[in-house]
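Just so you know, these numbers come straight off a predicted model, no measurement behind them.
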Amino acid sequence: LAALTATADRTPVVLVADVGVDDASALIWLAKDPTVDLLGVAASFGCHGDVRQTAANARRVLRAAGRPCVPVYVGSPYALGESTPPSDDGSYVHGSDGLGSVAEAPEEAQLPTCANDHAVSAAEFIAQTARERPGEITVIVTSPLTNLALAYLLEPRLPELVTRTLVMGGAVRHPGNV
């Protein structure tokens, strides 16, 4: 079905996510939706602590969804204005790895992979993609907004360059989505 959908009919999307059990479902949906052109994932820190873990989770979910070549960009390891990662790793909700501590099945390990590590940061990816495709990109954020804020600092015209920004936000004066 995805092959039948013309590229011009697909919405180009950048997902900014701290992929754990909750964001994994959004990522699978975006990866499988024939009306979405998933350009990449900007990995964020989150209640899973380490941004490298959320990036690894994004790669694992993309492999399982049959989209191993969607690039994953590693974002900031901590919130804007902070100098250390969050102390709450969320393991009591999401498991030690953010994906329920479910070991990779042997057949999952045999799924195809692509070299999709990139030298640019998540913020640089967002800003660069918006510059290259002005008026086309939808940014979806299901995590802390740090990578989006950093992209804005790199490209102050970002709000005018993207078509829309959809945010599943958290709280202003409290941690998490409370």
Side-chain angles (χ1 to χ4, degrees), residues 2 7-8 10-20 22-83 85-86 97-99 112-170:
T7 303
R10 298 169 65 201
T11 302
V13 170
V14 169
L15 176 65
V16 184
D18 60 332
V19 178
D22 50 351
D23 290 2
S25 59
L27 180 52
I28 291 168
W29 177 74
L30 290 169
K32 296 300 235 174
D33 188 328
T35 67
V36 170
D37 181 13
L38 183 59
L39 303 176
V41 177
S44 297
F45 71 90
C47 66
H48 320 304
D50 192 339
V51 68
R52 292 170 298 182
Q53 181 65 56
T54 64
N57 291 351
R59 290 183 197 100
R60 182 177 174 189
V61 170
L62 286 164
R63 276 195 326 272
R67 299 288 307 279
C69 294
V70 171
V72 176
Y73 300 85
V74 178
S76 176
Y78 40 79
L80 194 62
E82 297 292 326
S83 59
D97 65 355
L99 292 177
T113 59
C114 287
N116 65 1
D117 289 331
H118 299 279
V120 300
S121 71
E124 291 168 313
F125 161 65
I126 297 165
Q128 178 182 354
T129 303
R131 280 188 214 112
E132 290 172 355
R133 298 179 71 170
E136 295 180 33
I137 307 301
T138 294
V139 178
I140 300 174
V141 187
T142 60
S143 66
L145 297 170
T146 300
N147 289 321
L148 187 62
L150 292 171
Y152 175 76
L153 292 173
L154 292 171
E155 178 50 78
R157 298 175 306 136
L158 189 65
E160 292 85 36
L161 292 174
V162 301
T163 300
R164 62 185 165 199
T165 303
L166 307 172
V167 177
M168 189 282 303

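When all heavy atoms of Ala119 and Glu124 are compared, the closest pair comes out as O-OE1, 4.5 Å. What you find for Val74 and Ala55 is that their closest heavy atoms are CG2-CB, 3.9 Å. Nearest approach of Thr142 to Met168, heavy atoms of both residues: O-CE, 3.6 Å. The heavy-atom pair separating Ala42 from Ala122 by the smallest distance is CB-CB, 3.5 Å. Contact between Ala149 and Leu80 at its shortest, heavy atoms only, is CB-CD2, 3.8 Å. Here the closest non-hydrogen pair linking Tyr78 and Thr146 is O-CG2, 3.6 Å.
The environment of CZ in Arg131 is crowded: more than 12 heavy-atom neighbours from other residues, nucleotides or ligands sit within 6.0 Å.
Side-chain polar atoms of Asp18 and Thr54 form no donor-acceptor pair below 3.5 angstrom. A donor-acceptor contact closer than 3.5 angstrom is absent between the side chains of Thr129 and Glu132.
Taking 4.5 Å as the limit, some side-chain heavy atom of Leu39 sits within range of a side-chain heavy atom of Ile137. In this structure, the side chains of Thr11 and Asp37 stay at 4.5 Å or more apart for every pair of heavy atoms. In this structure, Val16 and Ser44 have side chains that are in contact, with non-hydrogen atoms separated by less than 4.5 Å. Side-chain contact check for Ser76 versus Asn147: some heavy-atom pair is nearer than 4.5 Å. Under the 4.5 Å side-chain criterion, counting only non-hydrogen atoms from C-beta, Pro12 is in contact with Arg133. Side-chain atoms of Ile140 and Val14, non-hydrogen and from C-beta on, never get closer than 4.5 Å to each other. Put simply, the side chain of Leu166 reaches to within 4.5 Å of the side chain of Thr138, judged on heavy atoms. With a 4.5 Å cut-off on side-chain heavy atoms, Asp50 and Phe45 do not count as touching.
Here the CZ-CG distance, from Arg67 to Leu30, works out to 9.5 Å after rounding to the nearest 0.5 Å. Separating the CG atom in Asn57 from the CZ atom in Arg52 is a distance of 13.0 Å, to the nearest 0.5 Å. Atom CZ in Arg60 sits 9.0 Å away from atom CD in Gln53 (nearest 0.5 Å). Summarising the geometry, atom CD1 belonging to Ile126 is positioned 8.0 Å from atom OG belonging to Ser121; distances are rounded to the nearest 0.5 Å. Between the CG atom of Leu15 and the CH2 atom of Trp29 there is a distance of 10.5 Å, given to the nearest 0.5 Å. Separation of atoms CG (Leu161) and CD (Glu136) is listed at 11.0 Å; rounding is to 0.5 Å.
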